[in-house]
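Step one of this worksheet: look at the structure below.
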Amino acid sequence: MISNIELHRFTHSRRTGGDGNAPCNRRTWIGGGWNTHNRLLSVGDLDDGGGTGLVARGNEGTLWRYCGNGDAHNPFDNRVKIGWGYTICSLR
């Protein structure tokens, strides 16, 4: 069993002046403990705040919204519960 999953953020180098030979900049560590989720989906800006957000499904079927805030080192606001009972759904 995996005890800790870490989440990293990769930015596209063309946005920051890089070239096509290196499509991504260095990764930024976001945090650990993501093993409590079995699906993560990047869905764009969830609240028009300017940051890319995530929707995550917990292992028990709860859906969580993580709104992006634009901070490169702490990119998500506090999570918000947006649903439950999603263990029967397939998120692809």
Side-chain angles (χ1 to χ4, degrees):
M1 178 175 189
I2 299 173
S3 62
N4 188 24
I5 304 268
E6 294 182 350
L7 187 63
H8 292 89
R9 177 178 175 254
F10 293 85
T11 57
H12 195 273
S13 65
R14 290 184 182 167
R15 291 184 185 169
T16 57
D19 63 36
N21 294 325
C24 293
N25 293 314
R26 292 182 57 174
R27 66 184 183 179
T28 302
W29 184 76
I30 293 174
W34 291 89
N35 55 302
T36 61
H37 301 87
N38 57 28
R39 291 288 188 269
L40 296 173
L41 180 64
S42 177
V43 293
D45 191 350
L46 291 167
D47 63 352
D48 294 326
T52 301
L54 291 176
V55 172
R57 182 175 69 184
N59 293 328
E60 76 295 339
T62 303
L63 287 184
W64 299 98
R65 180 187 74 205
Y66 292 86
C67 288
N69 59 26
D71 182 341
H73 298 289
N74 187 18
F76 301 114
D77 294 332
N78 292 333
R79 70 183 186 172
V80 175
K81 185 187 229 180
I82 59 173
W84 59 92
Y86 282 86
T87 54
I88 61 170
C89 296
S90 175
L91 302 174
R92 295 175 190 230

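For reference, positions follow the sequence shown, starting with 1.
Summarising the geometry of Thr36 relative to Glu60, their closest heavy-atom pair is O-OE1, 4.5 Å, with the distance given to 0.1 Å. For the pair Gly58 and Trp64, the tightest heavy-atom approach, listed with the atom from each and the gap, is N-CD1, 4.4 Å. Between Asn59 and Thr87, the shortest heavy-atom distance links the atoms O-CG2, 4.2 Å.
In this structure the side chain of Tyr86 never reaches within 4.5 angstrom of the side chain of Arg39, judged on heavy atoms.
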Distance-only check: which donor-acceptor pairs under 3.5 Å involve side-chain atoms of residues 74-83, not counting sequence neighbours?
| unit_1 | atom_1 | unit_2 | atom_2 | d |
| --- | --- | --- | --- | --- |
| Asp77 | OD1 | Asn69 | ND2 | 3.2 |

Report, one line per pair, each donor and acceptor closer than 3.5 Å where one atom sits in a side chain of residues 45-54; sequence neighbours left out.
| unit_1 | atom_1 | unit_2 | atom_2 | d |
| --- | --- | --- | --- | --- |
| Asp45 | OD1 | Asp47 | N | 3.3 |
| Asp45 | OD1 | Asp48 | N | 3.0 |
| Asp45 | OD1 | Gly49 | N | 3.1 |
| Asp45 | OD2 | Gly49 | N | 3.3 |
| Asp45 | OD2 | Gly50 | N | 2.8 |
| Asp47 | OD1 | Gly49 | N | 3.1 |

